[in-house]
Trainee: 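Please see the structure below; I have some questions.
Hydrogens, waters and symmetry mates play no part in the numbers below; they use all other heavy atoms, side chains included.
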Amino acid sequence: MNASSLMEDLSHSFLREERDQVVPSPRDRRSGRARKDDYSHCRPLFDEMAFLPDGHPDRRRLRERLILELLPIAEHIAARFSGRGQPKEDLVQVARIGLMKAVDRFDPGMGGDFLAFAVPTVMGEVRRFFRDTGWAVHVPRGMQELRTRLSRATTELTQTLGRAPTPTELAGHLDLDVDTVREGLLAANSYQTSSLDRPVNDGEGSLPLSDVVGELDSRFEHIEDRHTVVPLLEKLPERERAILAMRFFDGLTQSQIAERVGISQMHVSRLLTKTLHELRGRLKA
């Protein structure tokens, strides 16, 4: 599940939980008991603060009191996201910033419940935090949003198809071209990274990841050249082919080749020059 959809689910879940706490049960109403986590006692403070002008010392005092009273909302949301790749202390701070914005923006004159207003506001602040700082490698905003869409589409198609969807199926589902989908899937790999010092497994003596990660073989770039040149070499006379092998594969000098073949060094030089010239010409043809 991606961060965006997870946050939306959390928002609805949190609202349900908090409303269950805010609205007393019939048994509580009959007994006259109030739930300890309802924030109904904060409504008069909002009403009082709304009548005070900006900059009034009592308005600042009321604001600070409201924030302190409502901090459990921010801490509750932050706690739900602990262990998801970001330090809990950072999540708490971000959620508290969202709570302060909710307190400043809530207008009691519009009616409605503060909790219903605050949760989306705090969630939006946490969502921006994950979006802006949750990526191990910075990618464009459009790619971050595409990753969220791809994650949702993958979940939907997996349930429908009974298997992981292909890039072509994702492209058709989202009405995108396949290259854009592939680019989005590649960008998703930048969301989290692993240290090269991380052990491959939890057992003792486990090798670090850096010791088992493969690297690009420099010989790959010569594969095409080899497949092109080998047929041309096979068409050379046996002596010329042997001279090329001794010079460029065995590393022998022209004098050593001349001694082995039984010809002069000058003759070896002329044969090498002629043979290489012919090979270049055939390659260009």
Trainee: Please check: side-chain N/O of Arg59 versus main-chain N/O of Asp54, any donor-acceptor pairing under 3.5 Å?
Mentor: no
Trainee: With a 3.5 Å distance limit and no angle check, can you tell me whether Gln256 reaches the backbone of Thr253 through a side-chain donor-acceptor pair?
Mentor: yes
Trainee: Within the structure provided, determine whether Leu244 and Leu276 are in side-chain contact (heavy-atom separation under 4.5 Å).
Mentor: yes
Trainee: Could you name each residue pair satisfying salt bridge (Lys or Arg N to Asp or Glu O under 4.0 Å) that touches residues 63-78, not counting sequence neighbours?
Mentor: Arg63-Asp104, Glu75-Arg96
Trainee: Using a 4.5 Å cut-off on heavy atoms from C-beta on, say whether the side chain of Met246 contacts that of Val261.
Mentor: yes
Trainee: For residues Leu70 and Cys42, report the shortest heavy-atom separation together with the two atoms involved.
Mentor: CD2-SG, 4.0 Å
Trainee: Nearest 0.5 Å please: distance from the CG atom of Leu71 over to the CE atom of Met100.
Mentor: 9.0 Å
Trainee: Is there a donor-acceptor contact under 3.5 Å from the side chain of Ser269 to the main chain of Gln265?
Mentor: no
Trainee: Are there more than 12 heavy atoms of other residues, nucleotides or ligands under 6.0 Å from atom CZ of Arg43?
Mentor: yes
Trainee: Counting only N and O atoms by type, is there a donor-acceptor contact under 3.5 Å from the side chain of Gln93 to the main-chain atoms of Asp90?
Mentor: no
Trainee: Do we see a donor-acceptor contact under 3.5 Å between the side chains of Thr275 and Glu240?
Mentor: no
Trainee: Between Ala50 and Pro108, which heavy-atom pair has the shortest distance, and what is it?
Mentor: CB-CG, 3.9 Å
Trainee: Say whether Ile67 and Val92 are linked into one hydrophobic cluster, either directly or through other cluster members, by side-chain heavy-atom distances under 4.5 angstrom.
Mentor: no
Trainee: What is the distance from atom OG1 of Thr180 to atom CG of Leu174, rounded to the nearest 0.5 Å?
Mentor: 10.5 Å
Trainee: Is there a side-chain contact between Arg182 and Val178 (heavy atoms, below 4.5 Å)?
Mentor: yes
Trainee: Under the salt bridge (Lys or Arg N to Asp or Glu O under 4.0 Å) rule, collect the residues that match up with Arg247, sequence neighbours excluded.
Mentor: none
Trainee: Okay, side chain of Asp177, backbone of Asp179: is any donor-acceptor separation there less than 3.5 Å?
Mentor: yes
Trainee: Got Thr121 and Leu99 here, is their nearest side-chain heavy-atom distance under 4.5 Å?
Mentor: no
Trainee: Any side-chain heavy atom of Leu161 sitting closer than 4.5 Å to one from Pro165?
Mentor: yes
Trainee: What are the two closest non-hydrogen atoms of Pro120 and Ala116, and how far apart are they?
Mentor: CD-O, 3.1 Å
Trainee: Counting only heavy atoms from other residues, nucleotides and ligands, does the tally under 6.0 Å from CZ of Phe248 exceed 12?
Mentor: yes
Trainee: Looking at CE of Met49 and CZ of Arg60, how far apart are the two atoms once the value is rounded to the nearest 0.5 Å?
Mentor: 13.5 Å
Trainee: Using 0.5 Å steps for rounding, measure from the CD atom of Glu259 to the OG atom of Ser264.
Mentor: 13.0 Å
Trainee: Would the number of heavy atoms belonging to other residues, nucleotides or ligands and lying under 6.0 Å from CD of Glu278 be above 12?
Mentor: yes
Trainee: Please find the pair of heavy atoms, one from Thr228 and one from Leu232, that lie closest to each other, and give the distance.
Mentor: O-CG, 3.7 Å
Trainee: Find the distance between CG (Leu62) and CG (Leu52) and round it off to the nearest 0.5 Å.
Mentor: 6.0 Å
Trainee: Are there over 12 heavy-atom neighbours, none belonging to Arg260, within less than 6.0 Å of that residue's CZ?
Mentor: no
Trainee: Do Leu271 and Met266 sit in one hydrophobic cluster, given that two such residues count as connected whenever their side-chain heavy atoms are within less than 4.5 Å of each other, even indirectly?
Mentor: no
Trainee: Among residues two or more places apart or on two chains, list those pairs meeting ring-ring contact (aromatic ring centres under 6.0 Å, His included) that have a residue in residues 90-111.
Mentor: Phe46-Phe106, Phe106-Phe114, Phe106-Phe117
Trainee: Could you pull out the closest heavy-atom pair between Arg239 and Ile263, with the gap in Å?
Mentor: NH1-CG2, 4.4 Å
Trainee: Do Leu146 and Leu176 make a side-chain contact, defined as non-hydrogen atoms from C-beta onward lying under 4.5 Å apart?
Mentor: yes
Trainee: Tell me whether Leu68 shares a hydrophobic cluster with Ile73, the cluster being built from Ile, Leu, Val, Met, Phe, Trp, Tyr side chains joined at under 4.5 Å.
Mentor: yes
Trainee: Measuring from atom NE2 of His173 to atom CZ of Arg149, what distance do you get when rounded to the nearest 0.5 angstrom?
Mentor: 9.0 Å
Trainee: Do the side chains of Val103 and Phe51 join up, straight or via other hydrophobic residues, at under 4.5 Å, putting them in one cluster?
Mentor: no
Trainee: Which atoms form the tightest heavy-atom contact between Leu170 and Ala153, and what is the distance?
Mentor: CD2-CB, 3.8 Å
